[in-house]
Amino acid sequence: MSKLVAVITAEEAGTERLGTRAVLAAEALRKHAHDGGHAIAIEFHDGETARDVLAATAIADADAVLAIGGSSGDPRFAGKTVTAAGVDDVLRDPAAVLTRALAGQAAPAPAAAAAAPQAGGRRIVAITSCPTGIAHTFMAAEGILQAAKALGHEARVETQGSVGARDGLTAEEIRAADLVIIAADTQVDLSRFDGKRVYLSGTKPAINDGQGLINRAFADARVQGKGAAAPDDAAPAAAKAAGAQGSGRTGPYRHLMTGVSFMLPFVTTGGLLIAIAFALGGIYAYEDANQGTLAYALFQIGAKGAFALMVPALAGYIAYSVADRPGIAPGMIGGMIATQIGAGFLGGIVAGFIAGYGTAWLNRNIRLHKNLEGLKPVLILPILGSLLTGLLMLFVVGEPVAQLLATLSDWLRNMQGGSAILLGLIIGLMMAFDMGGPVNKAAYAFSTGLIASEIYGPMAAAMAAGMTPPLGIALATKLFPGRFTGDEREAGNAAAVLGLAFISEGAIPFAARDPFRVIPSLMVGSGLAGAISMAVGAQLKVPHGGIFVLPIPNAVVSLGGYLVALIAGTVVTAIMLRILKKPLAKPAAPAAV
């Protein structure tokens, strides 16, 4: 058994700081070191602080040192062979990075990624994306990369996360690819892949069974765009391929999640700016008497700017997911009408689907001379789609949806006692059931949408319940180590970080290994957290950020009760794991000589 130490440092300025990608890289290194029978200790740096600092004895005893993202000149490693690699290198192929470190080899040149695949292998390019653009995006990418390596193929993955596309695919890589895999829970632009064999999937198949996904993709992928069918005769390529292949979660769910993913930045920005405005100018900062003050300006930017665009963005990108770019204008116009008539986020969802499916239908049925075909996406479809959506919203569906939202809003605002507790319990159970899956996202989308109607209680319950699973697991690994393997106890540290950041997916590895004991434990703790949050009247004005948004003045109402809900849910989760999980068998004592 070899001993390794590694230091993972924040990437260069201008990119992301130490966060989810670094944690995932650490987990990948731990897993592959454990699989190879090696021990590894990992230290984190974010440029200002260090965590899990390496002991001097660990460095002295190390057979190899890894510098991930920097620190290759660390004086503590004098006399040691240091292997440098980037976070991307680890996420792409952790086994190769470990092999280089143990062999004492220098890192390969960047061009190595474009080298020909091994004999019999094929080239795969992929895109991964999820509604919030955080954990599932990178876990799916890791799943595809590792599966391709195991099957003898070469893979390159572009991640489309919350900060935009990373590791973007080049035109040359796409031309050389034998297969394109889109593992996404949101809509992805497929125009780059015309003429290529494309397979659409959700992120979960890539995370849970990457090899199976790749094998299905080679068997069932269909030619995209050119060579598949004339544009006049089909719906937009993404929707058509999704329906034909039936892979992953498609149809209305995917379209809704695409809209939610594009809406989230507006919700976050508006909520935080309004909270800061209230912190600076008091709860009446929005009144005209305060014009000219910074607080008044921040409120206008948040409420009249970001919040005003929430519903149009939701509707516009639902329509985009269904009908591609021609659907954006009809969808956003329908979303704006929904806002003006008081139909809120429910009206935005209805408008988005009307605009999307209506524009797609017009695209299929309007036939023009080939010389006039270019007018359809920029003139004919946006105008006719907007007329169809606007008229239906104004004269048919808008008013009933507005009345429904008003009834729902009144019920939620007046909810007290048992009703509030029941709603919080349901939201909590849904958030923990599949940890980022469709049930979780349904509860999250419902809670986020209500922010547009100034109803913040369900959002508080959802975030508390979403933080509880990884935090409860992390606590259980410390309090009851006999229920977890050494690898799981190490992973508990990462789960704690992800839980604090409201990334429920940190609990997925534990649930996957022991679902019938872990998932019920998580649901009990999250249900309790959601119920307490609603019972104490906690409100949250931003849809993400975890514990890091709690110190912001006025971002959370009833902060003390909210912390009680979070702590209680975490502790109960840990206790349930102690009760349901069986203790690990202790190794037999060595025989007496």
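- The aromatic rings of Tyr320 and Tyr317 lie perpendicular to each other, with more than 60° between the two planes, well past the 30° mark.
- Rounding to the nearest 0.5 Å gives a distance of 11.0 Å between CG of Asp324 and CG of Leu381.
- Of all heavy-atom pairs spanning Pro326 and Pro330, the tightest one is O-CD, 3.2 Å.
- A donor-acceptor pair under 3.5 Å links the side-chain atoms of Arg254 to the main chain of Ala184, judged by distance alone.
- Under a 3.5 Å cut-off, the side chain of Ser526 and the backbone N or O of Ala465 do form a donor-acceptor pair.
- A heavy-atom distance below 4.5 Å is not found between the side chains of Ile451 and Ile455.
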* For Phe218 and Leu179, what are the C-alpha separation, side-chain angles and deciding distance, and is it a side-chain contact (heavy atoms from CB on, under 4.5 Å)? -> CA-CA 7 Å; Phe218 275 116; Leu179 174 69; 3.8 Å; yes
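- To the nearest 0.5 Å, atom NZ of residue Lys541 and atom CZ of residue Phe307 are 8.5 Å apart.
- Under the 3.5 Å distance criterion, the side-chain polar atoms of Ser533 are left unmatched by any main-chain donor or acceptor of Ala529.
- Pairing each heavy atom of Gly348 with each of Ala338, the nearest pair is N-CB, 3.7 Å.
- Between the side chain of Tyr562 and the backbone N or O of Ala464, at least one donor-acceptor pair lies under 3.5 Å.
- The shortest distance between side-chain heavy atoms of Ser409 and Leu405 falls below 4.5 Å.
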* Can you check side-chain contact (heavy atoms from CB on, under 4.5 Å) on Val188 and Gln160, steps first, answer last? -> CA-CA 9 Å; Val188 172; Gln160 294 189 0; 4.1 Å; yes
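- Looking at Asn365, its side chain does come within 3.5 Å of a backbone N or O of Trp361 through a donor-acceptor pair.
- Pairing each heavy atom of Ile337 with each of Gly390, the nearest pair is CD1-CA, 3.7 Å.
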* **Stepwise side-chain contact (heavy atoms from CB on, under 4.5 Å) check, Tyr456 with Leu540** => CA-CA 5 Å; Tyr456 307 113; Leu540 181 66; 5.5 Å; no
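- In this structure the side chain of Ser447 reaches within 4.5 angstrom of the side chain of Ile427, judged on heavy atoms.
- Side-chain atoms of Lys204 never come within 3.5 Å of backbone atoms of Asp209 as a donor-acceptor pair (strictly under, hydrogens ignored).
- For the atom pair CZ of Arg216 and CD1 of Ile181, the computed distance is 9.5 Å after rounding to the nearest 0.5 Å.
- Taking all atoms of both residues into account, the shortest heavy-atom contact from Val401 to Gly347 is CG1-N, 3.4 Å.
- Crowding of Phe433 atom CZ: a count of heavy atoms from other residues, nucleotides or ligands under 6.0 Å not exceeding 12.
- Within the 3.5 Å criterion, the main-chain N or O of Ile318 finds no donor-acceptor partner in the side chain of Ser321.
- A heavy-atom distance below 4.5 Å is found between the side chains of Tyr199 and Asp220.
- No side-chain heavy atom of Ile182 sits under 4.5 Å from any side-chain heavy atom of Ser201.
- One distance of note links CD1 of Ile349 with CE of Met263; it measures 8.0 Å at 0.5 Å rounding.
- Between Asn290 and Thr293 there is a side-chain heavy-atom pair separated by less than 4.5 Å.
- Atom CE of Met459 is separated from atom OH of Tyr444 by 5.0 Å, given to the nearest 0.5 angstrom.
- Pairing each heavy atom of Met534 with each of Pro458, the nearest pair is SD-N, 3.9 Å.
- Residues Asn363 and Lys376 meet the side-chain proximity criterion, which asks for heavy atoms closer than 4.5 Å.
- Here the side chain of Ser558 pairs no donor or acceptor atom with the backbone of Gly561 at under 3.5 angstrom.
- With a 4.5 Å cut-off on side-chain heavy atoms, Ile144 and Thr128 count as touching.
- Closest of all the heavy-atom pairs between Gly331 and Ala319 is CA-CB, 3.9 Å.
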* Should Leu566 and Met467 be marked as a side-chain contact (heavy atoms from CB on, under 4.5 Å) after you check the CA-CA gap, both sets of side-chain angles, and the distance that decides it? -> CA-CA 8 Å; Leu566 183 59; Met467 295 169 66; 3.7 Å; yes
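- Atom CD of Glu158 sits about 11.5 Å away from atom OG1 of Thr137, to the nearest 0.5 Å.
- In terms of modelled atom types and a separation under 3.5 Å, the side chain of Asp185 and the main chain of Thr203 share a donor-acceptor contact.
- Between the side chain of Thr339 and the backbone N or O of Gly344 there is no donor-acceptor pair closer than 3.5 Å.
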